[in-house]
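For reference, the structure discussed in these notes is given below.
Just so we're clear, the structure is a prediction, and the values are computed from it rather than from any experiment. Note: hydrogens, waters and symmetry copies are ignored here, and every other heavy atom, side chains too, is used. First the proteins, then the strands, lettered A, B, ... as listed; each starts at 1.
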Amino acid sequence: MAEITKSYESRDVERKWYAAWLEARRFSGVVDPAREPYSIVIPPPNVTGVLTMGHVLNNTIQDILIRRARLEGCSAMWLPGTDHAGIATQTVVERELRKQKKTRRDLGREKFVERVWEWRHEKGGIILEQLRRLGASCDWDRTAFTMDPAYSRRVLHVFVELFKRGHIYRGKRMVNWCPATQTALSDEEVIMKPVNGSLYRVRYEVADQPGRFVEVKTTRPETIPGDVAIAVHPDDPRYADLIGKKVRRALGPAAEIPIIADSAVDREFGTGALKITPAHDKVDYDVGLRHKLPIIDVLEPNGVLNAVAGPALAGLERFAGRKRAVELLRESGALVAEEPYANNVGYSERADVPIEPRLTEQWWLRYPRVEEAKAAVRDGHIKFHPERWSKVYLHWLENIQDWCISRQLWWGHRIPVWYRKGADRSDPKNWHVSVDGPADPENWEQEEDVLDTWASSWLWPFATLGWPDEAEMKAAGFDYFYPTATLVTGPDIIFFWVARMIMAGLEFVRPGEPIERRIPFQNVYFTGIIRDAQGRKMSKSLGNSPDPLDLIDKYGADGLRFGIISIAPQGQDIRFQEDRIEGGKNFCNKLWNACRFRQLSGEAGDNSSFNAILARLDPAKFDADDHAILDRLLSTTREVNRCFNDFEFSAAVQALYGFFWGDFCDWYVEVSKAKMQAEDTKANCLAIQDLVLRQTLLLLLPFIPFITEELWSLLGFGEPGTFIQDARLENASRIATSSLARGLVLDRTQVTTVEWLKTFVSQARALKAEHNLASRRDVKFFVTPRDEAAWATIEANLAKVTRMAGAEAIERRDAVENAPAVVTPLGTLYLDLASSVDAGAERARLTKELDALAKHIAGTEARLANKAFTDKAPAAVIEGARKQLADQQAKRTELERLLKALG
RNA sequence: GGACCCUUAGCUCAGUUGGUUAGAGCGCUUCCUUGACAUGGAAGAGGUCACUGGUUCGAGUCCAGUAGGGUCCACCA
């Protein structure tokens, strides 16, 4: 067996094992009816993406779940892939074209799309390579892409089906228009931003009453040429006599526009009069419909004012146009006032420019299965972790609006609708809707628009498993793996993606079957958002996101994984701190060295299976520490199990950290050093170490797969030619049962004994430190045991305790004069200073301790004296308080005696 | 304008149905290269659990309110 080197070199180990895992095809998800399935579909990152800290967190959690499932004997399958990310990808390629002073229109649609494919083959999907460095155990043979031919057909199939079922319609409506990318956006792609602008008070002269004006307040004076009316509230007395009259438009082509009454107007806001510009505002559009007003569009799709706006404004970009409009209004005297004004403006999430409400023909989806989607979560068929996100989800579904699914882009799934050439496109009689198109294509023209990217990724959990083609479903193991077990994602895409996937699954999968067979996943785990040290979101533009690959180089993939999980409590945002990643690396180093020490301690027998190690235990040789460490091993195993059930990964990591570092390394391995010197106890002690290490490696494997695999191999656990993931994790009760079968009755009371010994040792060390003897190992202690049982405990563990306390000897002595002392649970411990005791300092120290103790005693006494407490509190709590009081009082008596002895 | 979350040690955070003297990591102080690990070990310092009330024998934990921070939703020009 290879020797464990002095320090862990993550780089070589990671490369070696990842290649070995792939070679052995250990990540393949296979259909195996004898085992439970456990499947996860990756939230497909943008094909343009590179690995961010968010991806690290998200994918580490998925890998943890998948690897744990394998250890528990499930057939695990993690399906990877990427998203074609319409706007993002198109923008990247257009940016490259711009460097050559070209636009996509110069190339034409076909050539441009070819160009995007070229880009995708050269540079797309880097992120999937990066995930391998992180250790992601995806079934790479299943890698999917939303623009793959097969996946694309499924997307189109869904469109055609939804169209047939009456959920899709074409309509001219107000949409969120992005003037930068020149496409419609869904409501979800618009983010509101507070903007400091101006509110302009503009007056319109009443047509037949020269000198009389109606004033409105507007933030958008450049749209005045598109005004078609002034609206006031029907009950507003200020304007009652004006309703039905006309005013002169204040800017642009001269026109007289009516004053109308509409209750949509808020009397309290501004002047109580509202200019109506149906082409450029959603509310105005609705008012316009109600009053059958014309629509005057004054903007080009790219946000430039058009000829309709009049010669003074035409050709100006919208913000320049606004400035010019204000100047013109001021010159004409129509501008009454201008005040600073902060309001919320909708921005295009991608392009980061204000969107324009714009009236266009688009394709819309009336969501299917809305009620059922609510029920799926409300009734617990799908569980959200943390649960509170279900409220956000339900609220959105309560207020759901139709989804604008068409995009005026070239990169994406082209909508499978054909229009009869030369015929009226608005008449469905002239449409052909099918996946493959009409039989006589020469008579038809295909719709130019493509589908919103999310209108393809909402099918991800079943379209990646071959749906709807029977043969492909069988090949992919659809029946076995659907529904998937857990979705791991960020709460920011709960509407974009999570809710929509649920509706899609319910609509399309296994029609007629119960809801739990149709849902796409059983659990949704929402990660927190990773922020920088100042609490800001990590983003490319701020440059505050570290490169995960640098962190892997520096701390190892395992260090990064362990570190990021340890700071990611359930559902809370995460402040990134590099020192926690360093902590992850340090933990790996600790694990490495504990295993190294075990190896250096010598071979002790068969390590190749759990039962083989168990057979090496000798119950007759067990001392308190042996009982205690196995008890802690079992409780840690149970705790980690609970954490997985409750999706509390950072708690699991903390439990393992505390057990391994605190209980095993700091105490058990240290006491082992004394035990291993005696041939009599050595073999049993090493067997226990092997048992603990084996179980600890298994429990840690999902979090830190590389180093655990390496150590598993180096320590000879498992059968030759197998991997750690081929082993099965023993649960706590099975370990206990197997131990019992070996004649080993785990004695839990020994845990308390060890706690006493730890306190005893710790107090001895503190006593040394207070007298500046911390580094001396030749000091002697005297002990006056509390009782004979205490002495028996000390005596039975004397060699270990003496060594742990850093003492030459600990002797029983029933009366000691003039020595610094401390009262421990096992008795009074004296430091043998032979002569030079500073009585004053010693008295001060003891008095301080006595004072603190007196406070606690007073508190406990007060509680017990309270009749209400003794009447109402549970018996166990009262009993605990009594015992505590007795212990405290005994300690006080001893401290008082010591003080008295000092004089 | 609604909804949700957060406020605990210098920093970042745990604290699971209310129950002994509130924990961890990092940082800080002192000491230590004792037969794995200085990426380490030992001993310490450091908290009126944001504030104000309430419920209770008992509140960091439950309730109400206040203040501060954050997120999401919402067509007031």
Here's a test of your reading of the structure: between A:Lys275 and A:Cys588, which maps to the more 5' nucleotide of RNA chain B? A:Cys588
Given B:rU34, is OP1 or OP2 found less than 4.0 Å from the side-chain N or O atoms of A:Arg803? no
Counting only Watson-Crick or G-U wobble pairs whose two distances fall under 3.5 Å, which nucleotide matches B:rG65? B:rC51
Show me the donor-acceptor pairs within less than 3.5 Å that the side chains of residues 576-583 of chain A make with the rest of the protein, sequence neighbours left out.
residue: A:Glu578; atom: OE2; partner: A:Lys554; partner atom: NZ; Å: 2.7
residue: A:Glu578; atom: OE2; partner: A:Tyr555; partner atom: OH; Å: 2.7
residue: A:Arg580; atom: NH2; partner: A:Ser566; partner atom: O; Å: 3.4

Measure from the side-chain heavy atoms of A:Gln677 and tell me the nearest of B:rU39, B:rG19, B:rG35. B:rG35
Go through the side-chain N and O atoms of A:Lys275 and A:Thr223 and say whether any donor and acceptor fall under 3.5 Å apart. yes
Protein-nucleotide distance (A:Lys768, atom NZ; B:rU34, atom P), rounded to Å: 14 Å
Inspect the surroundings of NZ in A:Lys193 and state if more than 12 heavy atoms from other residues, nucleotides or ligands are less than 6.0 Å away. yes
Testing the 3.5 Å rule here: is there a donor-acceptor pair between the side chains of A:Glu339 and A:Ser198? no
If I take atom CE in residue A:Met804 and atom P in nucleotide B:rG35, what distance separates them, rounded to the nearest angstrom? 16 Å
Test: A:Lys590 cationic atom under 6.0 Å from A:Tyr8 six-membered ring centre, within 45° of axis: no
Side-chain contact check for A:His856: nearest option of B:rU21, B:rC72, B:rA36 is B:rU21
Without decimals, in angstroms, what is the distance between A:Leu767 CG and B:rG44 C1'? 14 Å
Which of the following nucleotides, B:rC76, B:rG19, B:rC32, is nearest to the side chain of A:Arg863? B:rG19
Does the base of B:rA36 carry an N or O that pairs as donor and acceptor with the side chain of A:Glu670 under 3.5 Å? yes
Please confirm whether the shortest side-chain N or O distance from A:Lys590 to OP1 or OP2 of B:rG40 is below 4.0 Å. no
Spell out yes or no: do the side chain of A:Lys282 and the base of B:rA77 have one donor N/O and one acceptor N/O closer than 3.5 Å? no
Give a yes/no answer on whether the side chain of A:Arg575 brings an N or O atom under 4.0 Å of OP1 or OP2 in B:rU12. yes
Is any side-chain nitrogen or oxygen of A:Tyr341 closer than 4.0 Å to OP1 or OP2 of B:rA77? yes
